Amino acid sequence: MKETDLEAVATAVQRVAGMLQRPDQLDKVEQYRRREARKKASVEARLKAAIQSQLDGVRTGLSQLHNALNDVKDIQQSLADVSKDWRQSINTIESLRDVKDAVVQHSQLAAAVENLKNIFSVPEIVRETQDLIEQGALLQAHRKLMDLECSRDGLMCEQYRMDSGNKRDMTLIQGYFGSTQGLSDELAKQLWMVLQRSLVTVRRDPTLLVSVVRIIEREEKIDRRILDRKKQTGFVPPGRPKNWKEKMFAILDRTVTTRIEGTQADTRESDKMWLVRHLEIIRKYVLDDLIIAKNLMVQCFPPHYEIFKNLLSMYHQALSTRMQDLASEDLEANEIVSLLTWVLNTYTSAEMMGNVELAPEVDVSALEPLLSSNVVSDLLDTYMSTLTSNIIAWLRKALETDKKDWSKETEPEADQDGYYQTTLPAIVFQMFEQNLQVAAQISEDLKTKVLVLCLQQMNSFLSRYKEEAQLYKEEHLRNRQHPHCYVQYMIAIINNCQTFKESIVSLKRKYLKTEAEEGPCLSQPSMDGILDAIAKEGCSSLLEEVFLDLEQHLNELMTKKWLLGSNAVDIICVTVEDYFNDFAKIKKPYKKRMTAEAHRRVVVEYLRAVMQKRISFRSAEERKEGAEKMVREAEQLRFLFRKLASGFGEDADGHCDTIVAVAEVIKLTDPSLLYLEVSTLVSKYPDIRDDHIGALLAVRGDASRDMKQTIMETLEQGPMQASPNYVPIFKEIVVPSLNVAKLLK
């Protein structure tokens, strides 16, 4: 009690602390006190009422126990009196045994008389029953059959009770009613036929189906009654229990299985779409059957039969068995897709089990999978393996077809922007799209796996594409007259690289929900690298084509013929511009790089012509004339490449300035300032080497050996540092060793 008091005090303190948390609440103390007093009075009243109620209950219970004790004593006394009377009457009972036997015999004779009419009319009832069965009057036939069985079972039961060991009389009775079992079997056959066609019967003649169910229900009741009697007498009539309800469900189950299996109308040999047709027929049949069962059949069966629930289970099991049989066959890739799409999606969709007409009885979330996860996994593995082989074959075939187009005499097609292209990217990504759309129908996981597969195979395919483009270039270099449209198809190959890039990005954007799904296997840099390499090789081969045509005119530069008035640069500009009119069909990213590379290479070739000492000026006038010609030609080239790069916003002047800078060294009239001019040139172009300087001084033709030696030694003592943005231009220009040797003489 002390602990309880302490706990009550603590609780009270806590409640008061909760009420008085702010100063303004002190004004309400009296109000709180009255409220708590009312609560306390209410609780005490309830406690008193509860205790009073319990006390009343205890008082009533004690009173009832006292009465029960008196009743038990009275019963005990009555039992003692009965026992005494029974002992006194034992002798009397023994004297009445003959009366008992007479009663039993009278009972048997009365039963025989009662059944005498039925016994003599058995053949007639058999014929009537047979006629009724043939006429389809099943209820009347069953009534007659029940009368026959009742007479037979009654006689056999009495005989069994009289003399259970008398087999001869039992056999005699059974033989006399022998037709009864045949009639029962014949009636059962008719019932099963109706049940097999129950989905049709319930629409055309539901009364017939109801009659069948009523007959089965009667037989079930008779079975139960006989089994109860067996516990008392030990006798069971022949053919019992019939278990027709159990057989009915077995018949329905077999009918459902046959209906599912019988929907396959075609084979792979007769129709490539056999499985799609088969699955669609199953879907339609099952949906229609279940709707009929839900709306009509449930009205013909007692509720405790749960006919719709049982039919749903039968259909589900039959479908599961059928799907497993189909999965075990040697299915092709498209057939695996059709099967898995149907099993994983269609089956639970609104087109089938999720149909609103089946709700709420059918809960798709409660349905077991038609195929186990292991079977589905095996099918997916088979599909991925087959798809891998198919994609490899498709890509190989697409590339072979594209290669044949490269040798055509006609130009490739252009897209809506006028850029040359072939059908290869469209064919490849259309194939990828189709397979991804199919995979997406099955599951998100499979879609991702197929996307990974497509991109992996794309990587391998691009490597082969690169090799074929290289072979195409080498074949052309062996005979520049063939193929006829080499330049146009090489442009198309370059453009295809950009199309491939864009298509890969589009494909991943479309089939990946988030960037987080893009793992290492889906990263694009490796493919971008291969595509850039293919495009770079293509651009290089096209520029090589240009410079093969320019070779003769480049060889004229910085020669006597050039100095006397050669129009080599004019031809070079016209030729480059003519080629770049064709190169306008190249997409912008690659055309931009190609224009910059062409600009650089033309300038490099011009500078190479200078460094090869094809000419040595003999006078200041020649140097002036040659330098001015170089400046004019640099401006020509500058104008050309400005024009070609006009759409890219690029600075096209830098490389041509190199020619102007070299021309300034050649044009210098005061040899004493030559070192200063050369130093300026070296500061602008740190990659220029001493052999370049030597060759340049040799072209001037007026620098003494000592001057050359002094200039080069001075420059070697203070090498220039290149700026971070400087692009080397002299680095790849090789000065012939013969010229260098001459310089030192």
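Quick caveat: nothing in here was measured; it's all calculated off a predicted structure.
- Side-chain contact check for E433 and Y511: at least one donor-acceptor pair (N or O, by modelled atom type) lies under 3.5 Å.
- When all heavy atoms are compared, the tightest approach of M458 to I504 is CG-CD1, 4.4 Å.
- Closest of all the heavy-atom pairs between L187 and H142 is CD2-CD2, 3.6 Å.
- Taking the side chain to side chain donor-acceptor pair (under 3.5 Å) definition, one finds that E280 meets it with R283, sequence neighbours left out.
- A donor-acceptor pair under 3.5 Å links the side-chain atoms of T257 to the main chain of D253, judged by distance alone.
- With hydrogens and angles ignored, the 3.5 Å screen pairs no side-chain donor or acceptor of S83 with any backbone N or O of A80.
- Closest heavy-atom contact between L370 and S320: O-OG, 2.8 Å.
- Atoms CG and CG, from L312 and D289 in turn, are 12.0 Å apart once rounded to the nearest 0.5 Å.
- A donor-acceptor pair under 3.5 Å is absent between the side-chain atoms of S313 and the main chain of K309, judged by distance alone.
- A donor-acceptor contact shorter than 3.5 Å links the side chain of S349 to the backbone of T346.
- We find that K189 and D185 are not joined by a salt bridge, their nearest charged nitrogen and carboxylate oxygen being 4.0 Å or further apart.
- Distance alone, capped at 3.5 Å, places no donor-acceptor pair between the H316 side chain and the L367 backbone.
- Each side-chain hydrogen bond (donor to acceptor under 3.5 Å, both in side chains) pair with one or both residues in residues 383-400, not counting sequence neighbours, would appear here, but there are none.
- Enclosure of atom CG in D330 is not indicated, since only 12 or fewer non-hydrogen atoms of other residues, nucleotides or ligands lie within 6.0 angstrom.
- Not a single donor-acceptor pair under 3.5 Å links the side chain of N459 to the backbone N or O of L455.
- Under the 6.0 Å distance and 45° angle rule, K242 counts as a cation-pi partner of W244.
- Ring pair F301/Y305 is tilted by interplanar angle, where 30° to 60° counts as tilted.
- Heavy atoms only, all atoms of each residue included: T255 and Q196 are closest at CG2-O, 3.3 Å.
- Judged purely by atom type and a 3.5 angstrom limit, S443 has no side-chain atom pairing as donor or acceptor with the backbone of A439.
- Checking side-chain atoms of Q77 against main-chain N and O of K73 turns up no donor-acceptor pair under 3.5 Å.
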Run the side-chain donor-acceptor check on residues 352-360: report pairs under 3.5 Å with partners two or more places apart or on a different chain.
from	atom 1	to	atom 2	distance (Å)
N355	OD1	E357	N	2.8
N355	ND2	A350	O	3.3

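- With salt bridges taken as basic N to acidic carboxylate O contacts below 4.0 Å, none links K245 and E217.
- Counting heavy-atom neighbours within 6.0 Å of Y285 OH, excluding the residue itself, gives a total of 12 or less.
- Remark: the backbone N or O of M193 is not paired with any side-chain donor or acceptor of R197 at under 3.5 angstrom.
- Closest approach of L399 and L424 over heavy atoms only: N-CD1, 4.1 Å.
- Taking a 6.0 Å sphere around CZ of R277, one finds it holds 12 or fewer heavy atoms contributed by other residues, nucleotides or ligands.
- Heavy-atom contacts from other residues, nucleotides or ligands closer than 6.0 Å to CZ of R218 number more than 12.
- Residue L331 is tested with L340, V337, T382, I336 for a side chain to side chain contact (heavy atoms under 4.5 Å, CB included); the sole match is I336.
- Scanning all heavy atoms of the two residues, the minimum distance from D223 to P241 falls at OD1-CA, 3.4 Å.
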Test side-chain contact (heavy atoms from CB on, under 4.5 Å) applied to L326 and E329, step by step
CA-CA 5 Å; L326 290 172; E329 294 185 16; 4.0 Å; yes
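- Listed for the S211 side chain is a donor-acceptor partner under 3.5 Å among the backbone atoms of T207.
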